[in-house]
Structure formats: C-alpha cells, structure tokens
Undergrad: 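Once you've had a glance at the structure underneath, I'll fire off some questions.
Any value given below was found using the heavy atoms of this structure, including those in side chains, with hydrogens, waters and symmetry copies removed. In the text below, chain A, chain B and the rest are named by the order of the sequence lines, each starting its count at 1.
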Amino acid sequence: MSNHNYWLFKSEPSSFSLDDLKNRPDATEHWDGVRNYQARNFLRDQIKEGDQVLFYHSNIAEPAVVGIAEVVKGGYPDWTAFDPGNPHFDPRSAPEKPTWYMVDVRFVRELPRPVTLSQLKTIPELAGMALLNRSRLSVQPVREEEWAEILRLAGVDGT
DNA sequence: GCCAACGTTGGC
DNA sequence: GCCAACGTTGGC
C-alpha cells in the first residue's frame, strides 16, 4: 500500500518539455499557469508532496507519456496570476483570495520507451483514463493499476 | 494548419 | 439560468 497518489500532467514540449524540467536548477519547476477549475481543484486540494506524476507531451505528432516526476511541494497559490506582466495574469485572482494554485515538481526519470497515446488507446484496462475521455484536462488523477500498466509498457520495472 | 470538442463568458 | 458566441486545447 502506497502513501502517495498518482497523476498525469500534460505539457506542450514546445513550451515546457521533460528535458526542460531535467535541466532546471535542482531539476525542479513550478507547475504554474493552470487555468482550469477542475485541474485547479486537484492542485489545490489533492496533490501532495511525494505524489508521483506521469509527464505527458501533448500537441505534437506523436503525443506520449515520456517521463516521471515527483511532487516536491503541494498546492499553494499560483502567484503568476497576480503579476500583470505575466502571461498567466488573471485580475480576478488576489493574493488574499487566490483563484489559481500550483505545485512544484522534480524530474525523476525519462521512460526507457515513451508510451504513445495510440498505444494507450489499445489497452482495454486504460479506457477509463481521463486522458482518453476528457482530452482537455491537463492535470488528472491516475489509478494505481493504470500507473503500473503504463510503466510496464514503458519498460520500467515495478515500483 | 485544421478543426472538433469543450470550458468559459456574458447578454438577455 | 439559459445558451450562443468565443477562445483554447490538442489530436490528427
């Protein structure tokens, strides 16, 4: 029995890739700029330090899960929403009453074999994943069995 | 680059 | 509170 939860975070590699995360100081970055309420709720209420994250590259020729990251800081206010100069500025969000939240994640590993979206679609056990039904949710929960199956497909030994 | 799907906004 | 218009996401 594990004491952490599993998630999948999407990113367009042209704006932020797994390699970008790996190359950050301490291989750590703020997962900021999420402006969707359902994703916000996960970030604010459920995503905790120690949780494990599938890093997914979206909006490319072959979308795929490409790596693993770990949450090193649970949900806290996304201050990019407070900064008028920031592309993610949102005047409705105030420091006293933040609308948006973020977490910090650290690079863990690249997958030996990326697991492509088309591959995931062929696995009946994964048909319930938000990735396959709720295609626009950029932060989403992953069940432990789904996590294990995807890592198996990626050629990673059981964790 | 196209465009369908979908979340959000705002007029009424 | 409805729903049309709009903007964005993301697969293809």
Undergrad: Just compare B/dT8, B/dT9, C/dG10 and give me whichever is closest to any side-chain atom of A/Arg92.
TA: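 Among the listed nucleotides, the one closest to the side chain of A/Arg92 is B/dT9.
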Undergrad: Do A/Asp83 and A/Thr80 get their side chains close enough for a donor-acceptor pair, meaning under 3.5 Å?
TA: no
Undergrad: With respect to A/Asp78, which candidate in A/His88, A/His30, A/Arg44, A/Arg35 satisfies the side-chain hydrogen bond (donor to acceptor under 3.5 Å, both in side chains) definition?
TA: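 Of A/His88, A/His30, A/Arg44, A/Arg35, side-chain hydrogen bond (donor to acceptor under 3.5 Å, both in side chains) with A/Asp78 is met by A/Arg35 alone.
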Undergrad: Nearest whole angstrom, please: distance from the C1' of C/dG11 to the CD of A/Gln119.
TA: 17 Å
Undergrad: If you assign each of A/Asn59 and A/Arg134 to its closest nucleotide in DNA chain B, which residue comes earlier from the 5' end?
TA: A/Asn59
Undergrad: Can you measure A/Leu120 atom CG to C/dG10 atom C1' for me and round it to whole angstrom units?
TA: 15 Å
Undergrad: Whole-Å distance between B/dG7 P and A/Gln140 CD?
TA: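 That distance rounds to 12 Å.
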Undergrad: Nearest to the side chain of A/Tyr37, which nucleotide is it out of C/dG10, C/dC12, B/dT8?
TA: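 Among the listed nucleotides, the one closest to the side chain of A/Tyr37 is B/dT8.
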Undergrad: Atom CD1 of A/Ile60 to atom P of C/dT9: distance rounded to whole Å?
TA: 16 Å
Undergrad: How close or far is atom C1' of C/dT9 from atom CD of A/Glu12, stated in whole angstroms?
TA: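 Roughly 7 Å, once rounded to whole Å.
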Undergrad: What integer distance in Å separates A/Gln38:CD from B/dA5:P?
TA: 19 Å
Undergrad: OP1 or OP2 of C/dT9 sitting under 4.0 Å from any side-chain N/O of A/Tyr56?
TA: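 Result: no.
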Undergrad: Does C/dT8 have its OP1 or OP2 closer than 4.0 Å to a side-chain nitrogen or oxygen of A/Lys10?
TA: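 Looking at the OP1 and OP2 atoms of C/dT8, neither is under 4.0 Å from any side-chain N or O of A/Lys10.
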Undergrad: Please round to the nearest 0.5 Å and tell me the distance separating atom CG of A/Leu54 and atom CH2 of A/Trp7.
TA: 12.0 Å
Undergrad: Can you tell me if A/Ser11 uses its side chain to pair, donor with acceptor, with the backbone of A/Phe16 under 3.5 Å?
TA: yes
Undergrad: I need the CZ-P distance between A/Arg40 and B/dG7, as an integer number of Å.
TA: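 Taking CZ of A/Arg40 and P of B/dG7, I get 15 Å after rounding.
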Undergrad: In whole angstrom, give the distance that lies between atom NZ of A/Lys121 and atom P of C/dG10.
TA: 14 Å
Undergrad: Tell me whether the centres of the aromatic rings in A/Trp100 and A/Tyr37 are closer together than 6.0 Å.
TA: yes
Undergrad: Phosphate oxygens OP1/OP2 of B/dG7: is one of them under 4.0 Å from a side-chain N or O of A/Arg35?
TA: no
